[in-house]
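Single-structure report; data block below.
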Number of protein chains: 2
Amino acid sequence: MRSAFEAEPLLRAAALRVTRPRVAVLTAVHDHPHADTDSIVRRVRAAIGDVSTQAVYDVLRALTAARLVRCIEPAGSVARYETRVADHHDHLVCRSCGDIVDVDRAAGEAPCLTATGDHGFTVDEAEVVFWGLCPACARLPPVDRNR
Amino acid sequence: MRSAFEAEPLLRAAALRVTRPRVAVLTAVHDHPHADTDSIVRRVRAAIGDVSTQAVYDVLRALTAARLVRCIEPAGSVARYETRVADHHDHLVCRSCGDIVDVDRAAGEAPCLTATGDHGFTVDEAEVVFWGLCPACARLPPVDRNR
DNA sequence: CCTGTTTTCTGGAATGAGTCAAGAAAACCG
DNA sequence: CGGTTTTCTTGACTCATTCCAGAAAACAGG
């Protein structure tokens, strides 16, 4: 699953050292949005051979800090990552199979729920998660992932 | 911190057996909204003596299934619980200290971000989390809880 | 291109929230 | 009061994630 995606320039632009694990992780996340750490580890190993689990965790943390990837953690799920960081989109999560898809947020309505009575908080982000069932799970008997 | 809150009738109304652990857990969650499991365990033990950790987990699951409490899991935080289940409110989370406060959602604007292009999902809930800094942390040097 | 400095990666052990399972103990029904 | 069913206890266990110390790689300067 080769992609024309070029990880190296992105890493350099972010002032991050270019290493094989980093290129592989960034590419894997780009090619498989919403993947969890474990599947990223497997894809990275398939791509460049042995890589320690720790390295992947470190890389994901570095990439997240550099805003090259974004970490999403829906309730009841492990951490997942995506490279779509430029725009502000939200997520749709299937309660049954855990599948996640992006939903564009119509431009103007960004923080449409302004925190009235914000208790003095300085709000910098409004995160929206839509919960429901994906088409496939909707027509199957309820599997009940009790969450 | 005795409260006039009566857990027993709520349990009965939900067709749940009334046990000391259940009453204690429900009361603790009511009195300390957004508490995590560990602090609930400690409060319950302070209230009624020895209770197994497992019992608290079981009770919280039962109460959640019965919709007497709601479980919230902001990214980077352990599970937290609240008894405010009737209305639909959102949460404001401090990036620094993890503190959570409720924000009322103005009536009409419920799922104001209608999932346009919903990929065929059957959406049943829109969850909104506002991220920022609480007043106390806002005026302190950045503690950086890197999440 | 070689060397030193800094950052990253390896390997292995550890942490901690949460779960599983089997039997003992309570609740509730009549 | 029994009998049934549900809940609680105990203790082992899973699994994502983190910590640590040393080895290896990347980059900057010569």
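- Around CZ of A:Arg20, the count of heavy atoms belonging to other residues, nucleotides or ligands within 6.0 Å does not exceed 12.
- Under 3.5 Å, the side chains of B:His34 and B:Asp102 contain a donor-acceptor pair of N or O atoms.
- Taken together through direct or relayed side-chain contacts under 4.5 Å among Ile, Leu, Val, Met, Phe, Trp and Tyr, B:Val93 and B:Val78 form parts of separate hydrophobic clusters.
- Placement of A:Tyr57 and A:Leu68 in two distinct hydrophobic clusters is found when ILVMFWY residues are connected by side-chain heavy-atom separations under 4.5 Å, directly or transitively.
- The nearest whole Å value for the distance from the CG atom in B:Leu11 to the P atom in D:dT6 is 16 Å.
- Looking only at distances, a side-chain donor or acceptor of A:Glu73 sits under 3.5 Å from a matching main-chain atom of B:Gly76.
- Counting only distance, with no hydrogens or angles, the side chain of A:Arg67 and the backbone of A:Val85 share no donor-acceptor pair below 3.5 Å.
- Atom CG in B:Asp38 sits roughly 16 Å away from atom P in C:dT15 (whole-Å rounding).
- Taken from CG in A:Leu60 to CD1 in A:Ile40, the straight-line distance is 5.0 Å, to the nearest 0.5 Å.
- Residue A:Thr37 is classed as a sugar-phosphate contact, given heavy-atom separations below 4.0 Å to backbone atoms only.
- One can place OH of B:Tyr57 at 15 Å from P of D:dT9, the figure rounded to the nearest angstrom.
- For residues 38-55 of chain B, the set of pairs meeting the salt bridge (charged side-chain N to carboxylate O under 4.0 Å, His left out) definition, not counting sequence neighbours, comprises B:Asp38-B:Arg42.
- The interatomic distance linking A:Leu60 (CG) with D:dT18 (P) rounds to 10 Å, in whole Å.
- Between B:Arg22 atom CZ and D:dT9 atom P there is a gap of 12 Å when expressed in whole angstrom units.
- Note on the helix from C:dC1-D:dG30 to C:dG30-D:dC1: angle between the axes of the first and last five pairs equals 40°, rounded to 10 degrees.
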For nucleotides 20-30 of chain C, 5' to 3', base contacts (B), sugar-phosphate-only contacts (S) and non-contacts (-) with protein non-hydrogen atoms under 4.0 Å give BB----BBS--

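- Residue contacts for A:Asp50: at a heavy-atom cut-off of 4.0 Å it reaches the sugar-phosphate backbone alone, with no base atom in range.
- Side-chain heavy atoms closer than 4.5 Å link hydrophobic residues (I, L, V, M, F, W, Y) into clusters, and following such links, possibly through other members, connects A:Val123 to B:Val128.
- Comparing C:dT10, D:dT9, C:dG18 by their nearest atom to the side chain of B:Val78 picks out C:dG18.
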